[in-house]
Amino acid sequence: MESEPRLAIRGVSVRFGGVEALADVSFEVGAGEILGVIGPNGAGKTTLFNTISGLVRRYEGEIHLDGRPLRGLPPQRIVAHGLARTFQNIRLFKSLTVLDNVLAGQHRHIVETVLDSALHTPRYHREEALATRRALQVLHFVGLGATDPGALATSLPYGAQRRLEIARALAAYPRVLMLDEPAAGLNTGESWELATMIRRIRATGLAVMLVEHDMRVVMSICDRIVVLNFGRVIAQGTPAQVRADPAVVAAYLGDAAQP
Amino acid sequence: MTGGAGRAWGALRAGWRAPLPPRARLGLRAATVVACVGFATAPYWLGGSYYPDIWVDMALWATVGLGLNVVIGFAGLLDLGYMAFYAIGGYVFANAALYHGLTLWETLPLGAGLAVIASAVIGFPTLRVRGDYLAIMTLGFGGIVYVAAKNLTLVTGGDNGLYGWRAPTLLGIQFVQPLDFYPLALGLVVVTALVTTGLRGSRIGRAWVCIKDDELAAAASGIAVIRYKLYAYMLGSVWAGLAGAIFAAKQSLISPQSFTFNASFFAVAIVVLGGMGSPAGAIVGAIFYVVIAEWLSAYTGTLSGVIFAALLLVVVLFRPAGLIPYRPRVPRRRLRRAERAGLPGATDDYRLGV
Ligand SMILES: Nc1ncnc2c1ncn2[C@@H]1O[C@H](COP(=O)(O)OP(=O)(O)OP(=O)(O)O)[C@@H](O)[C@H]1O
Ligand SMILES: [Mg+2]
């Protein structure tokens with residue numbers, strides 16, 4: 001790993017009333033790395049993403065993105081620092097077209113004043129044309145190049161909606177990408193296509209965090225894995241190390257995914 | 001319905017939905033333009049004295065509908081006190097004309113400006129609260145402005161209202177009759193329609209719809225939710241300020257009766273009737289409202305209120321997206337322009353030009 005990690009989590013704890021959703025979680029993610037986050041239902045994986053992306057504001061510990069502390073920043077500022085994410089339950093903008101969903105991800109890269117927007121000045125046309133090209137490129141990259149960009153996002157088949165949500169996140173040109181169960185609901189073929197795509201994303205130099213229940217996908221593409229159980233990190237290391245860890249086997253892998 | 005008629009109806013509906021061939025589409029577009037121009041100029045070829053007020057009121061309500069459509073239709077913020085900004089525009093005009101001798105032309109920017117400032121002052125604390133409270137707080141704001149109009153006699157003339165300013169003039173022409181104001185009001189509709197439609201197709205308009213659809217996902221996409229809600233509230237209110245000033249000038253009298261809760265309610269109804277988020281719908285909704293509330297009521301009396309409510313109910317039940325639903329689409333021009341600049345190739349990066 002390079003000298004400074006893209007994302008550093010140090011001693012993060014989150015409480016919801018009596019529930020300790022995260023307890024003293026620490027790990028790092030580097031550029032060009034896929035970090036898997038696994039754990040049983042309710043282990044705190046989504047809470048971890050919500051905390052990093054600023055949706056959960058009250059936590060102990062420190063989170064640094066490219067060395068800059070994220071504490072206290074609202075979600076949109078954290079996006080500006082270079083973080084993008086998808087959601088466990090797909091959250092596309094349902095009254096926007098496919099193209100507009102990706103353009104929404106481009107939001108902070110489009111330079112328009114209110115006057116440009118209202119009067120459709122030359123700058124508006126320039127910016128929108130550039131943003132549209134960028135959006136089409138992202139759609140192409142995630143395999144939606146043949147999809148009608150004018151279709152409603154929610155009219156797409158389920159698998160395509162998952163891809164579109166990743167496209168929206170990529171359109172923000174993030175430095176860290178967090179995917180929350182992107183393979184949920186996909187069939188085997190689609191899951192493998194997704195795995196290939198995540199590898200291609202890594203190849204561009206992004207740091208990727210992947211929460212996923214499909215162990216074949218996780219074990220085959222992750223460089224390192226962090227295992228959570230009841231909010232605590234019970235193991236971290238390479239897929240082989242994690243698979244062999246007795247604590248992991250006991251807590252989680254057990255009989256379900258042990259090869 | 002007999003089988004044959006049923007089939008014919010089905011075929012008609014299917015045909016309606018099917019995409020038209022390019023020439024037919026062009027023809028349809030031309031016919032629409034002719035119909036719109038014909039309707040907009042109707043007061044002149046119908047004879048100027050034919051319900052002169054109705055035409056101006058249609059234009060003013062259309063402006064109100066278009067402006068409120070930004071707040072409700074685009075950003076999804078339920079505003080039950082929108083006509084407060086109409087009142088502000090009206091009273092600003094009346095005061096400026098009566099006590100400072102300003103003309104309508106000098107007053108329009110003033111009314112718009114004060115409406116925007118008021119919306120910022122109200123919106124800033126209000127838009128932080130969750131949706132359901134927003135409706136109540138805007139309702140309260142509308143009520144406060146109404147009560148202020150009734151009681152701040154010094155600036156509003158109380159129940160008697162304000163009147164007696166000199167008729168506005170432009171290039172030596174006096175604006176006296178209601179119809180004299182029609183070109184101005186119509187111009188305002190056109191500008192409002194163009195600007196609000198333009199906003200919808202831009203970065204800010206997309207951000208509004210994102211917020212309406214899913215605030216959390218919007219924030220996670222980098223959109224400053226509260227700030228953009230405030231923008232929607234301000235950029236929606238400015239049109240009410242302008243329309244209110246023209247309304248006062250046309251009436252040559254301004255009094256609290258025009259700004260009751262009912263007025264704000266009907267403004268919302270116009271947007272819902274026409275189709276949330278649909279500028280064309282807001283205009284059509286306003287036409288329906290004024291025709292029923294001002295023309296039909298001459299024959300039916302208070303029954304017209306029931307008729308409007310019934311129409312609203314039927315539309316909400318059977319055509320929930322409104323009379324002219326907003327159809328999201330990608331302008332072909334935008335794709336062509338992107339294509340001309342060079343379309344993405346099969347690169348192994350999602351970023352362009354790397
Ligand atoms: N906003 C919240 N308020 C209260 N409790 C919460 C909240 N969000 C999560 N929790 C609790 O925190 C714990 C961790 O939940 P989380 O959603 O992070 O789990 P997860 O690992 O993503 O599970 P899954 O695999 O089912 O998605 C659970 O006990 C959950 O009930
Ligand atoms: Mg989860």
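Lettering of chains follows the sequences in order, A, B, ..., and the numbering in each one begins at 1. Computed over heavy atoms, backbone and side chain alike; hydrogens, waters and symmetry mates excluded.
Both the backbone and the side chain of A:Ser95 come within contact range of chain B, each with at least one heavy atom under 4.5 Å from a heavy atom of that chain. Heavy-atom distances place no part of A:Ala80 under 4.5 Å from chain B, backbone and side chain included. Heavy atoms of A:Ala203 lying under 4.5 Å from chain B are absent altogether. In this structure, chain B has heavy atoms under 4.5 Å from both the backbone and the side chain of A:Val114. For A:Ile90, no part lies near chain B; criterion is any non-hydrogen pair under 4.5 Å. Both the backbone and the side chain of B:Arg203 come within less than 4.5 Å of a heavy atom in chain A. Both the backbone and the side chain of A:His107 come within less than 4.5 Å of a heavy atom in chain B. Both the backbone and the side chain of A:Ile110 come within less than 4.5 Å of a heavy atom in chain B. Heavy atoms closer than 4.5 Å to chain B are found in both the backbone and the side chain of A:Pro149. Using a 4.5 Å cut-off between heavy atoms, B:Arg332 makes no contact with chain A at all. Of the atoms belonging to A:Leu103, heavy atoms from both backbone and side chain fall under 4.5 Å from chain B.
Side-chain atoms of B:Asp214 do not come within 3.5 Å of backbone N or O of A:Phe93 as any donor-acceptor pair. In this structure, the side chain of A:Arg71 engages the main chain of A:Tyr59 through a donor-acceptor pair within 3.5 Å. With hydrogens and angles disregarded, a donor-acceptor distance shorter than 3.5 Å links the side chain of A:Glu165 to the backbone of A:Arg91. Between the side chain of A:Asp66 and the backbone N or O of A:Arg68 there is no donor-acceptor pair closer than 3.5 Å. Remark: side-chain polar atoms of A:Asp180 are not paired, donor with acceptor, to backbone N or O of A:Thr46 under 3.5 angstrom.
For the options A:Ile78, A:Asp100, A:Leu99, heavy-atom pairs under 4.5 Å to chain B are most numerous at A:Asp100. For the options B:Gly205, B:Gly201, B:Ala207, B:Pro331, heavy-atom pairs under 4.5 Å to chain A are most numerous at B:Gly201. No other option in A:Arg85, A:Glu112, A:Arg108 has as many heavy-atom pairs under 4.5 Å with chain B as A:Glu112. Contact tally against chain B (heavy-atom pairs below 4.5 Å) for A:Glu128, A:Arg77, A:Gln106, A:Glu127: the top residue is A:Glu128.
For the pairing with A:Arg168, the side chain to side chain contact (heavy atoms under 4.5 Å, CB included) check across A:Leu92, A:Thr86, A:Val98 returns one residue only, A:Leu92.
Between A:His109 and A:Tyr173, the ring-plane angle classifies as tilted under the 30° and 60° cut-offs.
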*Between A:His125 and A:His120, is a side chain to side chain contact (heavy atoms under 4.5 Å, CB included) present by the stated rule, with each step listed?*
CA-CA 7 Å; A:His125 287 294; A:His120 286 203; 4.0 Å; yes
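Looking at A:Thr113 and A:Asp116, their side chains do bring a donor and an acceptor atom within 3.5 Å of each other.
With ring centers used as reference points, B:Tyr233 lies under 6.0 Å from B:Phe85.
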